[in-house]
Participant: 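Quick one: the structure is below, questions incoming.
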Amino acid sequence: MKEISAETRGGGMIFAVLLDGEGGARELDWEGVRAWTPEQGFLWTHLDYRAPGVREWLADGPGLDEVLIEALCAQATRPRSSSRGEGLLVNLRAINPASKGDPDELVAFRLWSDHRCAVSLRHRQLQVPSEVREALASGVGPSGAGELLVELCARIFDPLSDLVVNIDDDADAIEDQVLCGEGRELRSKISDVRRRAIGLRRFLAPQRDAMGHLDVLPVEWLADRERLMLRELSDRLLRFVEDLDAVRDRAAVTQEELSARLAESMNRTMYVLSIVTAIFLPLGLLTGLLGINVGGMPGVESERAFTYVCVLLGVMALGLWEAFRRKRLL
């Protein structure tokens, strides 16, 4: 089901649905939202928090105070969860579908919910609310506040799981290439894997804490089954963070292994050059002495002097090679 822009619907509303308590919902327009009363059923409204009129409706509709409105509409947020009376405030990060999995492009998703209604807010495009809306249209969506919270959180974490797995697979592939002897061009790939792991962990670590806090918040409308599912989601996030820590450590070890292999290759090359230099240095000294233009040079008048010098140089080279071999330098 296609999202309708906030400009089209007016008042910053992207969509609004009235849950029937049996997994389905009925669409509401902006006038229907303004006329809603708790007796009609559980209302879920999805808004663009930067649109004009949103702050005013949050104060007049759900009756939120200024502190909660500021927490929901702030430009910069970190994952968190807290309670205010019978309501829950949850700020999470989700994958932006246009970012191709870049951790730096995670979208802030804000949610306020109590037993009467729920308000979710975002600015950049986010698929999760639309997916839950489509499930409601098919009659297989959440039936109340607790199930809606669990469904939204679960759908936010599903693509995060794929992202963590992709980073882990990239780290495995790089390790295999390093062990197979491939080297120099892998440095940028290792740095990219470490950057992605560190960037994603920076958001998932506080998100894990926020989910863990949800389980203990004193709200009566969260059933035991829903708290258990939130606890499972928190454990899942914990595994994500642990996997990212492992990827970061493995990438550091792989980078050290790659640096050691490159250093070993360079040392081997320098060693060969040193042996060649040590062998040819005496030969160069001898040929240099024989090449000076002064009187009294031996063999100047002999036709076989050049042959004798070449033989002498060959014998010296073989003698130096044997000497290095005996000293186990070769």
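Atoms considered below: every heavy atom in the structure, side chains included; atoms not considered: hydrogens, waters and symmetry mates.
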Participant: Mind checking whether Arg93 and Gln207 have side chains closer than 4.5 Å, heavy atoms only?
Facilitator: yes
Participant: Do Leu92 and Cys153 touch side chain to side chain, with heavy atoms closer than 4.5 Å?
Facilitator: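 Yes; the side chains approach each other to less than 4.5 Å.
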Participant: Between the side chains of Asp60 and Arg34, is the shortest nitrogen-to-carboxylate-oxygen separation below 4.0 Å, so that they form an ion pair?
Facilitator: no
Participant: One pair to check against side-chain contact (heavy atoms from CB on, under 4.5 Å): Trp36 and Leu18. What are the steps and the verdict?
Facilitator: CA-CA 9 Å; Trp36 167 82; Leu18 190 65; 3.7 Å; yes
Participant: Consider only side-chain heavy atoms of I, L, V, M, F, W and Y, link residues closer than 4.5 Å, and tell whether Phe240 and Ile198 are in one cluster.
Facilitator: no
Participant: Starting from Leu111, can I reach Trp221 by hopping between I/L/V/M/F/W/Y residues whose side chains sit under 4.5 Å apart?
Facilitator: yes
Participant: For Gly144, is there any backbone N or O sitting under 3.5 Å from a side-chain donor or acceptor partner on Glu147?
Facilitator: no
Participant: Mind checking ring pair (Phe, Tyr, Trp, His ring centres under 6.0 Å) for Trp44 and listing every partner two or more places apart, or none if nothing turns up?
Facilitator: Phe15
Participant: Go through the steps for Asp170 and Arg196 under the test salt bridge (charged side-chain N to carboxylate O under 4.0 Å, His left out), then give the verdict.
Facilitator: CA-CA 11 Å; Asp170 290 343; Arg196 289 160 58 197; 2.9 Å; yes
Participant: Could you tell me if the side chain of Trp57 sits less than 4.5 Å from the side chain of Val33, heavy atoms only?
Facilitator: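 Counting from C-beta outward, Val33 and Trp57 do come under 4.5 Å.
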Participant: Determine the sole option in Asp48, Leu58, Asn91 for which the side chain to side chain contact (heavy atoms under 4.5 Å, CB included) test with Leu121 is passed.
Facilitator: Leu58
Participant: What are the two closest heavy atoms between Ala197 and Val247, and how far apart are they?
Facilitator: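 Ala197 and Val247 have their closest heavy atoms at CB-CG1, 4.0 Å.
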Participant: Give the minimum heavy-atom separation between Leu72 and Leu64, together with the two atoms involved.
Facilitator: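 The pair with the smallest heavy-atom distance is CD1-CD1, 3.6 Å.
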Participant: Thinking salt bridges, do Asp245 and Arg201 make one under a 4.0 Å N-O criterion?
Facilitator: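 A salt bridge links Asp245 with Arg201.
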Participant: Using every non-hydrogen atom in the two residues, find where Met13 and Leu47 come nearest and quote the distance to one decimal.
Facilitator: CA-CD2, 3.5 Å
Participant: When you compare the side chain of Phe42 with that of Ser113, does any pair of heavy atoms fall below 4.5 Å?
Facilitator: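 Yes, side chains in contact.
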Participant: Just so I know, are the side chains of Leu313 and Val309 near enough to count as touching, which here means a heavy-atom distance under 4.5 Å?
Facilitator: yes
Participant: Taking it one step at a time, do Asp192 and Arg195 satisfy salt bridge (charged side-chain N to carboxylate O under 4.0 Å, His left out)?
Facilitator: CA-CA 5 Å; Asp192 180 65; Arg195 180 191 65 81; 3.2 Å; yes
Participant: Can Arg236 and Asp158 be counted as an ion pair, charged N to O under 4.0 angstrom?
Facilitator: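 Yes, Arg236 and Asp158 are salt-bridged.
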Participant: Using the rule given for side-chain contact (heavy atoms from CB on, under 4.5 Å), can you reason through Arg155 versus Val132, listing the C-alpha separation, both sets of side-chain angles and the distance that settles it, and then say yes or no?
Facilitator: CA-CA 8 Å; Arg155 290 182 181 268; Val132 179; 3.4 Å; yes
Participant: Would you say that Arg231 contacts Leu214 through its side chain, given a criterion of any heavy-atom pair below 4.5 Å between the two side chains?
Facilitator: no
Participant: Please give me the minimum heavy-atom distance between Gly23 and Ser143, naming the atom from each residue.
Facilitator: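 Closest approach of Gly23 to Ser143, heavy atoms only: N-CB, 4.1 Å.
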Participant: Kindly determine whether Met316 and Leu283 satisfy side-chain contact (heavy atoms from CB on, under 4.5 Å), including the steps that lead there.
Facilitator: CA-CA 7 Å; Met316 289 181 61; Leu283 305 183; 3.6 Å; yes
Participant: Hey, does the side chain of Glu70 reach the backbone of Glu66 with a donor-acceptor pair shorter than 3.5 angstrom?
Facilitator: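 Absent.
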Participant: Work out which heavy atom in Leu230 is nearest to a heavy atom in Met211; give both atom names and the distance.
Facilitator: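 Taking every non-hydrogen atom into account, CD2-CE, 3.8 Å.
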Participant: Does a salt bridge link Arg239 with Asp235, judged by any charged N lying under 4.0 Å from a carboxylate O?
Facilitator: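 No salt bridge links Arg239 with Asp235.
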Participant: Applying side-chain hydrogen bond (donor to acceptor under 3.5 Å, both in side chains) to Gln75 and Arg50, what does each step give before you reach the verdict?
Facilitator: CA-CA 9 Å; Gln75 294 285 352; Arg50 289 192 183 181; 2.8 Å; yes
Participant: Do Leu233 and Leu238 land in one hydrophobic cluster if side-chain heavy atoms of ILVMFWY residues count as linked below 4.5 Å?
Facilitator: no
Participant: With a 4.0 Å cut-off on N to O distance, would you call Glu86 and Arg116 a salt bridge?
Facilitator: no
Participant: Could you tell me if the side chain of Pro159 sits less than 4.5 Å from the side chain of Phe157, heavy atoms only?
Facilitator: no
Participant: What are the two closest heavy atoms between Ile190 and Ala251, and how far apart are they?
Facilitator: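 Heavy atoms of Ile190 and Ala251 come nearest at CG2-O, 3.6 Å.
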Participant: With Arg110 as the cation and Tyr49 as the aromatic partner, state whether NZ or CZ is under 6.0 Å from the six-membered ring centre and within 45° of the axis.
Facilitator: yes
Participant: Could you go step by step and tell me if Lys189 and Thr254 meet the side-chain contact (heavy atoms from CB on, under 4.5 Å) rule?
Facilitator: CA-CA 11 Å; Lys189 294 182 180 180; Thr254 302; over 6 Å; no
Participant: Take Asp65 and Arg84, measure what salt bridge (charged side-chain N to carboxylate O under 4.0 Å, His left out) needs, and give me the verdict at the end.
Facilitator: CA-CA 10 Å; Asp65 58 38; Arg84 179 71 66 88; 2.5 Å; yes
Participant: Taking the side chain as every heavy atom from C-beta outward, state whether Arg250 and Asp168 have any pair of such atoms under 4.5 Å apart.
Facilitator: yes
